[in-house]
Novice: 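Pasting a structure here, questions to come.
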Amino acid sequence: MSQVEGDVLSALVSEVHGMTGLEAAPRLLRTAAVLVEKAGYEIARSERSSRVTQIILIAAELDRLGELFEKPVAEPIGESRGRRLDAR
């Protein structure tokens with residue numbers, strides 16, 4: 001990893017640590033999704049590509065969770081009993 005790449009990642013990590021609150025969760029999940037997906041594509045370029053599908057699926061799940069947490073909660077918590085978080 002070059003010095004510039006290391007500086008960019010360090011800046012990203014610093015920025016992430018400064019984010020708080022429920023509004024930050026979807027952005028953080030989607031950022032994680034992009035990073036995991038990029039790692040998957042980089043792994044695919046090497047001979048160790050047998051786990052790429054799993055990595056891409058993890059990235060997609062992180063993105064889906066980010067989308068889920070962007071949606072406002074439509075019902076009080078007490079009324080959602082028995083309903084899964086990932087139900088649409």
Side-chain angles (χ1 to χ4, degrees):
M1 179 181 328
S2 73
Q3 180 66 35
V4 172
E5 290 169 331
D7 291 345
V8 169
L9 288 176
S10 292
L12 176 62
V13 170
S14 294
E15 181 98 10
V16 163
H17 283 296
M19 297 175 76
T20 59
L22 290 178
E23 310 83 36
R27 290 186 68 199
L28 292 169
L29 287 166
R30 287 191 162 172
T31 299
V34 169
L35 293 171
V36 170
E37 183 177 12
K38 175 64 176 167
Y41 287 121
E42 290 302 316
I43 291 169
R45 293 171 18 152
S46 73
E47 68 268 1
R48 297 176 295 159
S49 62
S50 62
R51 306 287 304 243
V52 171
T53 301
Q54 182 181 9
I55 291 170
I56 299 302
L57 289 172
I58 291 168
E61 178 66 6
L62 289 169
D63 191 53
R64 188 192 68 77
L65 287 170
E67 182 181 318
L68 177 70
F69 284 109
E70 279 181 337
K71 296 177 183 175
V73 177
E75 58 191 32
I77 293 173
E79 295 178 21
S80 65
R81 189 167 296 176
R83 185 173 166 215
R84 292 179 42 184
L85 277 179
D86 61 351
R88 288 188 176 200

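The shown structure was predicted, so the numbers you read here are calculated from the model rather than taken from an experiment.
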Novice: Just wondering, do Glu61 and Leu57 contact through their side chains at under 4.5 Å, heavy atoms?
Specialist: no
Novice: Under 3.5 Å, side chain of Glu5 to main-chain N/O of Ser2, donor-acceptor pair present?
Specialist: yes
Novice: For the atom pair CG (Leu28) and CG (Leu65), what is the distance rounded to the nearest 0.5 Å?
Specialist: 12.5 Å
Novice: Can you give me the closest heavy-atom contact between Ala59 and Ala33, atom names plus distance?
Specialist: O-CB, 3.3 Å
Novice: To the nearest 0.5 Å, what is the distance between CD1 (Ile55) and CD (Glu42)?
Specialist: 11.0 Å
Novice: Taking NZ, NE, NH1 and NH2 as the nitrogens, is one of them in Arg64 or Glu67 under 4.0 Å from a carboxylate oxygen of the other?
Specialist: no
Novice: Considering only residues two or more places apart or on different chains, which pairs with a residue in residues 16-31 satisfy side chain to side chain donor-acceptor pair (under 3.5 Å)?
Specialist: Arg30-Asp63, Arg30-Glu70
Novice: Please determine whether residues Tyr41 and Ile58 belong to a single hydrophobic cluster, defined as Ile, Leu, Val, Met, Phe, Trp and Tyr linked transitively by side-chain heavy-atom distances below 4.5 Å.
Specialist: yes
Novice: Could you report the tightest heavy-atom contact between Gly66 and Pro26, atom names first, then the distance?
Specialist: O-CB, 3.3 Å
Novice: Can you tell if the side chain of Leu12 reaches within under 4.5 Å of the side chain of Leu35, non-hydrogen atoms only?
Specialist: yes
Novice: Quick one: which residue pairs count as a side chain to side chain donor-acceptor pair (under 3.5 Å) with a foot in residues 6-15, not counting sequence neighbours?
Specialist: Gln3-Asp7
